[in-house]
Amino acid sequence: MSVATKTVTAPPSFSRAGVLWASTVGKKALMALTGILLSLFVLGHLLGNLQLYFGRDSTGAYLINKYAEFLHHNKPLLYGTRTVLLVAVLIHVVAAFQLQLGKGAARPIEYHQKESVNSTVSSRYMFWTGVIIFFFVLYHLAHFTLGWTGVPDFKEGDVFHNVTAGFRSGIAPLLYVIGMIGLGLHLRHGLYSTFQSLGAGNPAVSQWALKWAAVVATVIALVNLSFPLAVLAGLVKG
Amino acid sequence: MKLTLDIWRQKGAADAGRFETYTVEANEHMSFLEMLDVLNQELIGSGKEPVAFDSDCREGICGMCGFVVNGVPHGPADNTTICQTHMRHFHDGERLRLEPWRAAAFPVLKDLVVDRSAFDRIIQAGGFVSVRTGAAVDGNAMLVEKNKSDRAMTNAACIGCGACVASCPNAAAALFTGAKIAHLGLLPQGQPERTDRALNMVAQMGKEGFGHCTTIGECEANCPAHIKLEAIAQMNGDFLRAVFAKREEAAGGGAG
């Protein structure tokens, strides 16, 4: 009697994270998720900064300084948020770079003539508006978080003083205008494209997202820009 | 009508290629490809190499033809193939630049002809669809939501011409792969293999060297088969769901 033998090999292991990261679709989904986190931070940052306009409380302390102290006082919240944001930025940026390199490899010979039939500037220049935002954030951290540049007499914790002093001189307001144009264009397409990247393709939803992404992006960019412009115009002064 | 054509001439994959300029006398009732036929007859008559371009049905349904005219895949007519574009869309004395699809995954074979086997391999990666054999089942035995059957049909209309890749600034094949994944994924017949199909087709799309989708929308605007961006969202959703739904094959293959 012969015995049939069958070699049983282990099925190839399936790494979910590996498959996600290896595919352009998975990477775009990760960029969408990290983009949502970063957008929420942008919104929170903007709402907090609005206190610049609320002046002092009854004790004579600036509201925005009290808010800054509250954020810095709570160390787990501060460092937890910073860690999450740093990881999100890292994933977003590394994925963007790899996809951008892949894009170059996917069309090694450019067209001699190519027309855009139906697309927005913000959608075609996502990578480059992202680069603008990246360098703007580095400058913004050096400007107001670390006080390395552009703020005469920088005082850690005295946000009201730093902001009013930091926007009155030099090229700071101009750099903020460039940064906010980059942010506005990036959000205008990113907030819409996020739905698509995560699989929500119902045209009713996409059309809604396309419309509101433009509104939200414009409002965020303009409100953020109002801070340096208000200081420049002398509406907010120490 | 008299036209000046700057046409991409390339002897083969190894040749660097260049534009060459020709003039041709056409009339407005000709299709674009008939106009090129006239040019080729003249070239053959004068002992020159005719311009190579792909075509088959010339009815806009086979997906064989396609090149870029003045920077627009399939030319200026909305949502149609170049074979169904007629010369009335152009005017006397116009200068047209004809260029092949440009993508690493679509290497130029000759002149305006590119190799689109990458699309075939994506289809092959999709694998089979389980079908019943034996006696035909009653036509209404399997219920399909009207909206889903309409969307499946819309996506099944993809002719695989490659204009989506050609028009995409990222040279992505997301609209093509999305249409193929969506047209089966929306129907009950496509459910048994839905998970593996999404994983394998997306993986193959990456292996072929296509770029990533950034929802720019040029593909949708240039698609002769009216495939919508929604197909890409469907692919993204199916793929992401599949990544989490995928289960290891049980060692030994289970009972059976």
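In the text below, chain A, chain B and the rest are named by the order of the sequence lines, each starting its count at 1. A quick note: this is a predicted structure, and the numbers were derived from the prediction, not measured.
- In terms of modelled atom types and a separation under 3.5 Å, the side chain of B:Q234 and the main chain of A:G199 share no donor-acceptor contact.
- The closest donor-acceptor contact from the side chain of A:R107 to the backbone of B:C168 lies under 3.5 Å.
- Remark: side-chain polar atoms of A:K114 are paired, donor with acceptor, to backbone N or O of B:S167 under 3.5 angstrom.
- With hydrogens and angles ignored, the 3.5 Å screen pairs no side-chain donor or acceptor of B:H212 with any backbone N or O of A:Q98.
- Relative orientation of the A:H112 and B:F19 rings is perpendicular, given thresholds of 30° and 60° on the angle between their planes.
- For A:Y111 (side chain) and B:G71 (main-chain N/O), no donor-acceptor pair under 3.5 Å exists by modelled atom type.
- Of the two parts of A:S206, neither the backbone nor the side chain holds a non-hydrogen atom closer than 4.5 Å to a non-hydrogen atom of chain B.
- The neighbour count for A:Y53 OH, taken as heavy atoms of other residues, nucleotides or ligands under 6.0 Å away, is above 12.
- Within residues 172-180 of chain A, no residue has any heavy atom closer than 4.5 Å to a heavy atom of chain B.
- With respect to chain A, the highest number of heavy-atom pairs below 4.5 Å among B:L240, B:D238, B:V72, B:D6 belongs to B:L240.
- Proximity of a side-chain donor or acceptor of A:N118 to a complementary backbone N or O of B:G217 within less than 3.5 Å is not detected.
- No donor-acceptor pair closer than 3.5 Å links the side chain of B:R102 to the backbone N or O of A:P108.
- In this structure, chain B has no heavy atom under 4.5 Å from any part of A:F127.
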